[in-house]
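Counting starts at 1 for both ligands and their atoms, in listed order. Every value quoted in this text rests on a predicted model; they were computed, and no experiment measured them.
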Amino acid sequence: MDKRPIGVFDSGLGGLTAVRALRQILPEENLIYFGDTARVPYGGRTRETLLQYAKQDVRFLRSFDLKAILVACGTLSTTILPDLQAENNLPVIGVVEPTCRRAFEKSRNKKIGIIATQASIRSGAYEKALHWMDPAVKTIAKSCPLFVPLVENGRIHRGDTVTETVAREYLEPMLCEGIDTLILGCTHYPMLTDILAEVCGDGVSLVSAGEEGACELKRILTESGSRTAHDLVGSPAFYVSDRPEDFAQIGSGFLGEDMQGSVRRIDIEQY
Ligand code: DGL
């Protein structure tokens, strides 16, 4: 049994898709969340910049005594995860493999769409993981750089004509190819699930990188006997690197928990 908290981080709001899942499947665990809102978006940046940012993010999180870190960010999971794992003596879990496993299980026709940030799509990491499972899988990948700013601005609800138009433009070509499963490979994208599900229609299963990362973390903590006592009630603490107010407002709506007043700002450049 291990009562120490779990660290979770992302460039901004996206990692809350993992937090929401963790609050459901591991309600007894304490979480420390960091959203690097001063430097969001990460998706168009170089590997060097991503490595520098991620190291700072992890240094901040490790100012707490953590038992594991969930990299609730597709961009970092697809580009620099091995670097973080090599220099940290605790489990550092990414989202790519569990997400691909779930997508592979769900897909019947083995035509799988992947949407993620530019850095993730350039890395080819999701395709590689799927082709490792079965070289015959057909993958269609597309970066969707407008989705992260739309999410960070709270444009996530059905009826938002701007987000709906952007989603149709991004998704229609891959829907024409007959995909039956779509990987939401950036953790921000599951916040757009209502809109994406409507655009894709009933025949396409959506797989959330945030949720699958959370399930993988649960599996790893369970296997290593590192979960806390089941009768405890865990709580999340939220930190950001810029204005807490917008993060709290959009995050509260998404998590269904009032975060106003409970999000603190830190200076990430000090780490
Ligand atoms: N949510 C992150 C990801 O999963 C980062 C998106 C961004 O900041 O561009 O890729």
Geometric cation-pi criterion Arg39 and Tyr53, 6.0 Å radius, 45° cone: yes
Sole residue of Thr75, Asp10, Thr49, Asp57 in side chain to side chain donor-acceptor pair (under 3.5 Å) with Tyr42: Asp57
Closest protein heavy atom to atom 7 (C) of ligand 1, given as residue, atom name and distance to 0.1 Å: Tyr42 N, 3.2 Å
Contact atoms of ligand 1, heavy-atom distance to Thr117 under 4.0 Å: 6 (C), 9 (O), 10 (O)
Atom indices of ligand 1 within 4.0 angstrom of Cys186 heavy atoms, with elements: 1 (N), 2 (C), 3 (C), 4 (O), 6 (C), 10 (O)
Parallel, tilted or perpendicular: rings of Tyr239 and Phe64 (30°, 60°): tilted
From Ser208 atom OG to Ile183 atom CD1, the distance as rounded to the nearest 0.5 Å: 11.0 Å
Ligand 1 versus Asp10: contacting region, heavy-atom distance under 4.0 Å: side chain
Check: Phe9 ring centroid to Phe60 ring centroid under 6.0 Å: no
Distance filter under 4.0 Å to Thr75 heavy atoms, resulting ligand 1 atoms: 3 (C), 4 (O), 5 (C), 10 (O)
Atoms in ligand 1 flagged as close to Val148, the criterion being non-hydrogen separation under 4.0 Å: 6 (C), 7 (C), 9 (O)
Numbered atoms and elements of ligand 1 in range of Val40, under 4.0 angstrom, heavy atoms: 8 (O)
Distance-only N or O hit between ligand 1 and Gly74, under 3.5 Å: yes
Under 4.0 Å to a heavy atom of Ser11 - the qualifying atoms of ligand 1, by number: 5 (C), 6 (C), 7 (C), 8 (O)
Hydrophobic cluster membership, Phe247 vs Tyr189, 4.5 Å side-chain cutoff: yes
Proximity of Thr187 to ligand 1 by residue part, where a heavy atom lies under 4.0 Å: both
N/O separation below 3.5 Å, Gly43 to ligand 1: yes
Short side-chain to backbone donor-acceptor contact, Glu152 and Leu13, under 3.5 Å: yes
Ligand 1 contacted by Ser120 (non-hydrogen, < 4.0 Å): no
